[in-house]
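In what follows, a single structure is set out as structure tokens and then discussed.
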Number of protein chains: 2
Amino acid sequence: MAEVGRLAGVSQVTVSRALSSPDKVSPETLQRIRQAIAQTGFVPNAVAGALASNRSNLIGALVPSVTNVVYASMLHAFSEIMWQHGYQIMLSETGFDPEREEKAVATHLSRRPDAMLLTGIHHSAGSRRMLVNAGIPVVEVWDMSDTPIDCCVGFSHAAAGEAAAAFAVKAGYVRAATITAGDERAMRRQLAFARHFERLTGQRVQRVDFSVSATLGLGRDGLQRLLTDGLPKGAVIFCSSDQFAQGVLIEAGARGLKVPQDVAVIGFGDQEFAAMTEPGLTSLRIDRQVLGQVAANALIDRFRSGAVGQAVHDIGFEIVRRQSA
Amino acid sequence: MAEVGRLAGVSQVTVSRALSSPDKVSPETLQRIRQAIAQTGFVPNAVAGALASNRSNLIGALVPSVTNVVYASMLHAFSEIMWQHGYQIMLSETGFDPEREEKAVATHLSRRPDAMLLTGIHHSAGSRRMLVNAGIPVVEVWDMSDTPIDCCVGFSHAAAGEAAAAFAVKAGYVRAATITAGDERAMRRQLAFARHFERLTGQRVQRVDFSVSATLGLGRDGLQRLLTDGLPKGAVIFCSSDQFAQGVLIEAGARGLKVPQDVAVIGFGDQEFAAMTEPGLTSLRIDRQVLGQVAANALIDRFRSGAVGQAVHDIGFEIVRRQSA
DNA sequence: CGTCCTTATGAATGCGCATACATAGATGCG
DNA sequence: CGCATCTATGTATGCGCATTCATAAGGACG
């Protein structure tokens, strides 16, 4: 920067100003400085800038997995808005593991991000403490809590599970089963679904639980296991993700079972392909774009106005009825 | 850090050493320092550390899109290894846009990453210049080039297209079509496929091109358009991604067309679901895990040994034959 | 013409750490 | 016992910028 200044015949300060607030520098000087920058190929050192100004323009983002499109698309919408506001994303995957999340929180905070995005509302005590101490805006997504670290945007998983059960009963199903991945939020939906369905119909809900993430293949397995366990004809299966649901559809097809007559399916997430399967998949839609956008805007708001403003954002969900249930 | 030192009765340097090379500090002192750290909740400032040491332990990663699972899973494998080596990932999406990539390169470099990962081998002149000037290891993935910026790991898209054509001809198909997304690498595969197929059979290859990313829905559209254009019975369709291929499968099913008898399909990417569709999808497999891992290790190598070592890594591809072709 | 404000710039400082160099005590060995 | 060597620690310095305060040169105004 000093080098650029020398070339332009000004001091380092003036170069700094030319970059951060060009209107405070006379047009001719600005011109010379810009030329000197082009000439030298100068790239400002944001590390030094961050140290001096105590603002990094970095946002730390912690998601369970980027390969899961539901998190990826939320992240995409989030980073899009952040990028427009001049912020960059530091990303780590936590793999649904609180210990790993805690390590990631520590390393992220050591880089002094201006804000953090976390997935879910359940974090280790250590993570919470560090985040509170950091004194920066924190947004937790994909869930809701009355006691967020700072603010949260998501929806009620219990309400989603109940709504699915109510929908199923209203649609005339009297027998139900669930296929659930090893994800704490999915389990809460399952629980709410099963409880509500049993309360409404008096019929016990069959279940298959996996301890890992949902895949199409496991969905096929899931249906097979339910059938082995004596799933009655005409039952509806509430899947914790559309991957499972699509697997069920395919397995049903391979076995000559008609959907929804022989077996009905409700997915979760309403992913792009849900509208395109045969038959179309009935699913709970979460608007992941909106989720990411609301989260981003919540942070931007907090940058502007301190830690005031709405702390809990409910983006809700919607049941999209197609042919599978 | 000085504060921690005061509490432990030592100077700032000793605290610094206790964190970076604990074996150079006496056990008792180390003990006291650790206690002081726990007591104060001290979190080291990596920004200052980076400025002082000129090493950031940050890796910049530029991918077209995180919502596309092929890039996401490569990124996952890459960041996993980088994380193990103590590096963190700064992520930006470029959306297949060189201009946007150039901006991202500039902002990334301003944060002085220790290395960069880029997708593809085609970059703007400005991007190339900045990256070369930065003097850090750069790895380009998903493609191969004789003149990488620094090093690259990928495979030959032309060879992949040709291999698909050779496979189709050998399998007895005499008519072919392609469905291609608006992605430069996909177009190169399409071109190689069409050329080779035409050379081998003398039959012209029908084509449908989209200017956007592949989705299942567009795959359905694609088959529809090909049929409208008079796709002959028994033709094979080479899709630029498994999303398209699955769409074709579903559309064929909805129309009562038998796969592979009435229409055969070859996908690209061999995504998780390819083995699970009905019928199973024949696809070109790229090992995205290996891609990410090799890229990560190439950078680690370069950290250790300077800019020597292998510059071009061909991870190849493989045709996975299932039932769809 | 002196005072006050405005605009454009520069000098000085410090952000929090890593690094090079210095120092002091302990240990080894002939 | 004296010198070399090693271990544990400290002092000084600077990374490259943003920020604060100071300064100089013009107007505006009564």
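Within every chain, numbering begins at 1; the chains are lettered A, B, ... in the order of the sequence lines, protein sequences first and strands thereafter.
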When rounded to the nearest 0.5 angstrom, what distance separates CD in B:Glu80 from CD in B:Gln289? 9.5 Å
Round to the nearest Å and state the distance from A:Glu3 atom CD to D:dC17 atom C1'. 16 Å
Could you give the CG-to-P distance, from B:Leu51 to C:dC17, as a whole number of Å? 12 Å
How many whole angstroms separate atom CZ of B:Arg6 from atom C1' of C:dG16? 13 Å
Whole angstroms only, please: what is the CG-C1' distance between A:Asn54 and C:dC15? 8 Å
Round to the nearest Å and state the distance from A:Asp23 atom CG to C:dT9 atom P. 12 Å
Below 4.0 angstrom from OP1 or OP2 of D:dA18, is there any side-chain N or O of A:Ser16? yes
Charged N to carboxylate O below 4.0 Å: is that the case for A:Glu184 and A:Arg188? yes
Sorted by position of nearest nucleotide on DNA chain C, 5' first, the leading residue of A:Ser26 and A:Gln12 is A:Ser26
To the nearest angstrom, the CZ-C1' distance between A:Arg17 and D:dA18 comes to 10 Å
Taking the minimum atom-to-atom distance to the side chain of B:Asn45, which one of C:dC17, D:dT9, C:dA11 wins? C:dC17
From CG of A:Leu19 across to C1' of D:dA18 the rounded distance in Å is 12 Å
Option passing side chain to side chain contact (heavy atoms under 4.5 Å, CB included) with B:Met82 (candidates B:Leu58, B:Ile89, B:Asn57, B:Asn297): B:Ile89
Do B:Arg112 and D:dG16 share a donor-acceptor pair, side chain to base, under 3.5 Å? no
Sugar-phosphate only, base, or nothing, as touched by A:Val25 at under 4.0 Å among non-hydrogen atoms: sugar-phosphate
Give a yes/no answer on whether the side chain of B:Ser53 brings an N or O atom under 4.0 Å of OP1 or OP2 in C:dA18. no
Taking the side chain of B:Ala48 as its heavy atoms from C-beta onward, which of D:dG10, C:dG16, C:dC15 lies nearest to it? C:dG16
Looking for any heavy atom pair under 4.0 Å, which part of the strands does A:Ser20 touch: base, sugar-phosphate only, or nothing? nothing
What residue among A:Ile59, A:Leu291, A:Val294 forms side chain to side chain contact (heavy atoms under 4.5 Å, CB included) with A:Phe78? A:Ile59
Distance check: side-chain N/O of A:Thr14 vs OP1/OP2 of C:dT9, anything under 4.0 Å? no
Kindly state whether the ring of B:Phe155 and the ring of B:His157 have centres lying under 6.0 angstrom apart. yes
For A:Arg55, answer base if it contacts any base atom (sugar-phosphate contacts may also be present), sugar-phosphate if it contacts only those atoms, and nothing otherwise; contact means non-hydrogen atoms under 4.0 Å. nothing
Taken to the nearest whole Å, CZ/A:Arg111 to P/C:dC17 is 14 Å
